[in-house]
Amino acid sequence: GVVRIRGHGVSLWRSQQIKFRLTGSLDLNSRSVELKKEHAGAYTNVVLYNGSFDEARCCIDGTYSNGTISLAKLPDTADQFQ
């Protein structure tokens with residue numbers, strides 16, 4: 001099966017906060033992940049990410065046009081940063 005991913009957030013870049021929307025999918029059989037991040041506002045570029053989901057480590061590692069990406073679950077104390 002395939003899980004659809006949707007979300008939004010803020011990119012921090014050169015002392016700026018740039019809002020974005022995130023869409024994508026996770027293939028549960030192959031553990032492959034595809035993400036598309038669309039910036040809004042002053043910057044409207046789109047970044048495509050491809051990676052794999054490691055269930056044991058609860059993280060996604062992959063690549064995009066400018067390098068690599070690593071997403072991991074934050075500890076519960078991360079709520080202080082919101």
Any chance you could lay out the side chain to side chain donor-acceptor pair (under 3.5 Å) test for Lys19 and Ser11, step after step, and finish with the verdict? CA-CA 6 Å; Lys19 293 182 181 182; Ser11 290; over 6 Å; no
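- Taking Arg14 as the reference, nothing meets the salt bridge (Lys or Arg N to Asp or Glu O under 4.0 Å) condition, with sequence neighbours excluded.
- With rounding to the nearest 0.5 angstrom, the OG atom of Ser52 is 12.0 Å from the CG atom of Asp27.
- Leu35 has its side chain within reach of Ile5: a pair of non-hydrogen atoms, C-beta onward, lies under 4.5 Å apart.
- Hydrophobic clustering, with ILVMFWY side chains joined whenever heavy atoms are under 4.5 angstrom apart, groups Val3 together with Val33.
- Atoms CZ and OG1, on Arg4 and Thr23 in that order, are 9.5 Å from each other to the nearest 0.5 Å.
- Rounding to the nearest 0.5 angstrom, the gap separating the CD1 atom in Ile69 from the SG atom in Cys59 is 11.0 Å.
- The only option from Leu22, Thr44, Val46 that meets the side-chain contact (heavy atoms from CB on, under 4.5 Å) definition with Glu38 turns out to be Val46.
- Screening residues 64-73 for side-chain hydrogen bond (donor to acceptor under 3.5 Å, both in side chains), with sequence neighbours left out, gives Asp61-Ser70.
- Leu12 places a side-chain heavy atom less than 4.5 Å from the side chain of Gln17.
- Minimum interatomic distance between Val2 and Ser25 (heavy atoms only, all atoms of both residues): CG1-CB, 3.8 Å.
- Applying the 6.0 Å contact sphere to CZ of Arg21 captures no more than 12 heavy atoms from other residues, nucleotides or ligands.
- Note: the hydrophobic cluster containing Ile18 does not contain Tyr49 (ILVMFWY, side chain heavy atoms under 4.5 Å, direct or indirect links).
- Separating the NE2 atom in His8 from the CZ atom in Phe20 is a distance of 9.0 Å, to the nearest 0.5 Å.
- Residues Ile60 and Leu28 fall within the same hydrophobic cluster, defined by Ile, Leu, Val, Met, Phe, Trp and Tyr side chains chained together at heavy-atom separations under 4.5 Å.
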